[in-house]
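Structure record follows, encoded as structure tokens.
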Amino acid sequence: MHDIKFVREQPEAFDEGLKRRGLQPMSAEILKMDAERRAAQTEMQELQAKRNEASKQIGEIKRKGGNADEIMKLVASMKDRLALLEEQDRTHAARLQTVLSSLPNILLPEVPPGKDDSDAKEVRRFGKIPAITTPKEHFELGEKLGMMDFERAAKLSGARFTILQGQLALLERALGNFMLDLHTQEFGYLEVSPPLLVKDEIMFGVGQLPKFADDMFFAGRTKSREDLLREALNYAEAADIEKLKKGEASLADVVASAMRRAPVKEDLWLVTTAEVPLTNLVANEIVEKEKLPLRFTARTPCFRSEAGSAGKDTRGMLRQHQFYKVELVSITAPDQSLAEHERMVNCAEEVLKRLELPFRTVVLATGDTGFSSRKTYDLEVWLPGQNRFREISSCSVCGDFQARRMNARCRGAGEKQTEFVHTLNGSGIAIGRCLIAIMENFQQSDGTIVVPPALRKYMNGLERIG
RNA sequence: GGAGAGGUGGCUGAGUGGUCAAAAGCGACGGUCUCGAAAACCGUUAUAGGUGUAUGCCUAUCAAGGGUUCGAAUCCCUUCCUCUCCGCCA
């Protein structure tokens with residue numbers, strides 16, 4: 001969400017920011033809305049002041065037992081105008097809020113121009129790409145070991161699910177434990193076990209809603225389908241029903257229109273990442289500045305509909321509806337966030353270094369950076385089976401963009417003024433993809449997989465899978 | 001799921017239609033006193049928005065959103081949340 005003051009004070013900079021996102025300039029339109037709103041607001045408030053004054057007088061007159069009819073008539077005459085102005089004020093505020101919250105964050109100046117991941121700028125590279133003759137992909141290895149089962153997963157849940165068994169299931173668990181230990185014991189993150197189902201406003205706070213509902217799974221607390229439909233149909237408009245009777249609209253049209261009007265309630269969303277609950281821990285709070293930065297980590301499942309990625313990465317477990325990830329979230333004072341961003345990337349990189357996985361760190365291009373982010377580093381791990389680097393971690397600094405949406409503020413000791421905190425999030429790192437990377441990078445010619453030394457104590461000393 | 005009770009400032013808690021942005025207590029901050037501290041006493045102590053050169057003035061906010069009324073913390077509706085008892089349950 002953008003600060004209306006920023007648009008007022010630096011409309012050119014605002015439009016330039018949108019341009020780098022490939023969007024049309026909006027400042028003129030927004031400022032027009034803002035001016036209209038303020039004009040109407042001033043009139044409303046002046047009228048409210050008059051009403052309050054008069055009402056006070058009525059109170060006094062009545063207490064003294066006098067007759068206040070005259071002045072009551074005066075106040076009554078303001079009523080229609082005031083109701084109109086109040087209604088307008090709500091409309092204006094909602095309109096402004098809708099625009100400001102639907103536009104993506106302004107990117108930092110150093111974010112390289114470009115439209116997709118091929119335009120990302122490499123900043124550094126670690127590790128040595130292993131020399132493997134005819135490397136296999138993870139699903140070939142996994143299926144041959146009898147520890148990765150895609151067919152039964154499809155039987156249970158359809159495409160984009162995987163079943164891990166035996167030592168690979170253990171590997172998944174070990175990876176999570178290893179990462180959490182590293183971040184809590186060496187980097188000072190607080191381990192959190194958060195809810196995985198969250199309310200609308202929580203998804204709004206991190207920028208997932210209202211724009212990205214299609215990327216998520218939804219878990220309503222269902223009554224029967226019949227009850228839900230009946231409830232929704234209470235919101236059908238008479239006009240629609242009339243059309244239905246005349247055969248001008250289908251039943252589906254009427255239902256769809258009623259559903260749009262019906263209030264959304266008892267909705268819970270499955271988290272797409274632990275960033276969602278962790279960042280919202282400070283929502284609607286004022287944190288003491290001296291307690292910042294707050295650093296949270298969590299290992300959670302992540303649920304994604306992958307709506308826009310039909311046909312991509314269909315084989316194996318690279319892109320799933322459900323996967324585990326260890327997430328890092330920092331809440332900082334405004335002047336700390338950029339330094340914290342570098343620190344966070346280092347924490348994520350350390351995971352790959354200890355696991356001896358080759359990777360590179362890139363800065364995402366303007367067109368590829370997420371909605372809420374001002375700048376994003378991706379870590380890309382080498383996958384021998386695919387003969388290329390693939391994203392395994394994404395670390396973003398969001399400035400006050402999310403904080404403004406979730407009203408998360410901080411205040412220094414003895415200070416009066418509050419400020420919005422800055423938020424950062426990063427994968428530290430994706431467990432599913434890390435498991436793939438280990439399988440492919442440590443594969444042996446006999447189909448077994450060597451366990452990276454750093455991980456063995458988390459696997460009961462196991463040195464080789466298979 | 002059933003029945004009931006609630007949600008008021010940093011915290012506790014009073015307030016059931018009108019000088020209520022809200023008593024009182026605690027906490028915090030400032031001052032007096034003291035060599036210093038404690039105690040005591042005095043004072044200050046919410047957030048956001050609008051407006052103005054300015055001390056300022058105005059508006060909104062008593063969980064959230066609507067409504068009734070000349071006037072709402074107080075009455076009505078909806079939603080969210082908390083607690084108690086019963087039921088169910090890992």
Side-chain angles (χ1 to χ4, degrees), chain A residues 1-9 31 33-97 100 193 195-205 209 220-224 227 231-232 234-235 261-269 280-291 400 403-421:
Chain A
M1 176 115 112
H2 294 283
D3 186 359
I4 183 65
K5 284 185 194 150
F6 173 64
V7 187
R8 276 180 212 154
E9 284 157 18
L31 289 175
M33 284 184 201
D34 183 45
E36 285 170 6
R37 173 175 187 220
R38 282 197 283 175
Q41 191 180 35
T42 302
E43 193 190 341
M44 175 186 76
Q45 293 185 348
E46 281 169 0
L47 202 56
Q48 283 172 330
K50 274 187 202 161
R51 178 202 63 194
N52 291 347
E53 181 53 36
S55 292
K56 229 179 240 180
Q57 285 177 25
I58 292 169
E60 267 174 61
I61 292 168
K62 288 206 162 180
R63 224 184 354 273
K64 290 175 187 155
N67 184 327
D69 287 357
E70 199 62 25
I71 193 161
M72 278 171 75
K73 216 183 281 175
L74 178 74
V75 180
S77 72
M78 301 174 179
K79 215 182 158 183
D80 288 349
R81 180 69 186 158
L82 197 54
L84 180 72
L85 288 169
E86 282 174 355
E87 174 58 32
Q88 273 180 7
D89 186 56
R90 276 197 287 274
T91 313
H92 283 138
R95 206 166 57 146
L96 203 54
Q97 153 99 4
L100 289 176
S193 177
L196 305 178
L197 297 170
V198 299
K199 299 190 279 190
D200 292 359
E201 65 206 66
I202 301 304
M203 283 300 184
F204 179 85
L209 284 177
R221 269 173 270 180
T222 48
K223 305 170 185 176
S224 72
D227 287 346
E231 208 168 282
N234 287 334
Y235 292 88
R261 252 189 301 276
V264 181
K265 61 178 182 184
E266 294 202 307
D267 290 351
L268 290 174
W269 302 88
N280 273 286
L281 288 174
V282 292
N284 292 312
E285 294 194 15
I286 299 174
V287 185
E288 291 170 41
K289 222 174 192 175
E290 292 68 29
K291 291 191 175 157
D400 63 3
R404 203 176 284 285
R405 296 171 82 97
M406 65 177 80
N407 191 29
R409 292 166 294 169
C410 64
R411 176 163 51 200
E415 282 174 31
K416 198 167 161 53
Q417 198 54 44
T418 59
E419 296 172 88
F420 288 109
V421 298

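This structure is a prediction, so every number in the text was calculated from the model and none was measured. Lettering of chains follows the sequences in order, A, B, ..., and the numbering in each one begins at 1.
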(request) Please list, chain by chain and in numerical order, all residues satisfying salt bridge (charged side-chain N to carboxylate O under 4.0 Å, His left out) with Glu201(A), sequence neighbours excluded. (result) none
(request) Pick base, sugar-phosphate or nothing for Arg404(A), based on heavy-atom distances below 4.0 Å to the nucleic acid. (result) nothing
(message) Tell me whether the side-chain N/O atoms of Arg37(A) come closer than 4.0 Å to OP1 or OP2 in G50(B).
(response) no
(request) With sequence neighbours excluded, tell me which residues meet salt bridge (charged side-chain N to carboxylate O under 4.0 Å, His left out) with Lys5(A). (result) none
Anything under 3.5 Å between a donor and an acceptor, one on a side chain of residues 88-96 of chain A, the other on a protein residue two or more places apart or in another chain? List them.
unit_1   : atom_1 : unit_2   : atom_2 : d
Arg90(A) : NH2    : Glu87(A) : OE1    : 3.3
Thr91(A) : OG1    : Glu87(A) : O      : 2.9
His92(A) : ND1    : Gln88(A) : O      : 3.2
Arg95(A) : NH2    : Glu36(A) : OE1    : 2.9

(message) Measuring to OP1 and OP2 of A48(B), would you say a side-chain N or O of Thr418(A) lies under 4.0 angstrom away?
(response) yes
With 3.5 Å as the limit, what N/O pairs link the protein to nucleotides 59-65 of chain B?
unit_1 : atom_1 : unit_2   : atom_2 : d
U59(B) : OP1    : Asn52(A) : ND2    : 3.2
U59(B) : O3'    : Gln48(A) : OE1    : 3.2
U59(B) : O2'    : Gln48(A) : OE1    : 2.8
A60(B) : OP1    : Arg51(A) : NH2    : 3.2

(request) Please measure how far the C1' atom in G13(B) lies from the corresponding atom in C62(B), and state the result in whole Å. (result) 13 Å
(request) For Glu86(A), enumerate each residue passing the side chain to side chain contact (heavy atoms under 4.5 Å, CB included) test, keeping only those at least two apart in sequence or located in another chain. (result) Met44(A), Gln48(A), Arg51(A), Leu82(A)
(message) Taking salt bridge (charged side-chain N to carboxylate O under 4.0 Å, His left out) as the definition, give me every residue that meets it alongside Asp34(A), ordered by chain and number, with sequence neighbours left out.
(response) Arg8(A), Arg38(A)
(message) Roughly how many Å apart are C86(B) and U16(B), using the C1' atom of each and rounding to a whole number?
(response) 32 Å
(request) Would you give the length of the straight line joining atom NZ of Lys50(A) to atom CG of Asn52(A), rounded to the nearest 0.5 angstrom? (result) 12.5 Å
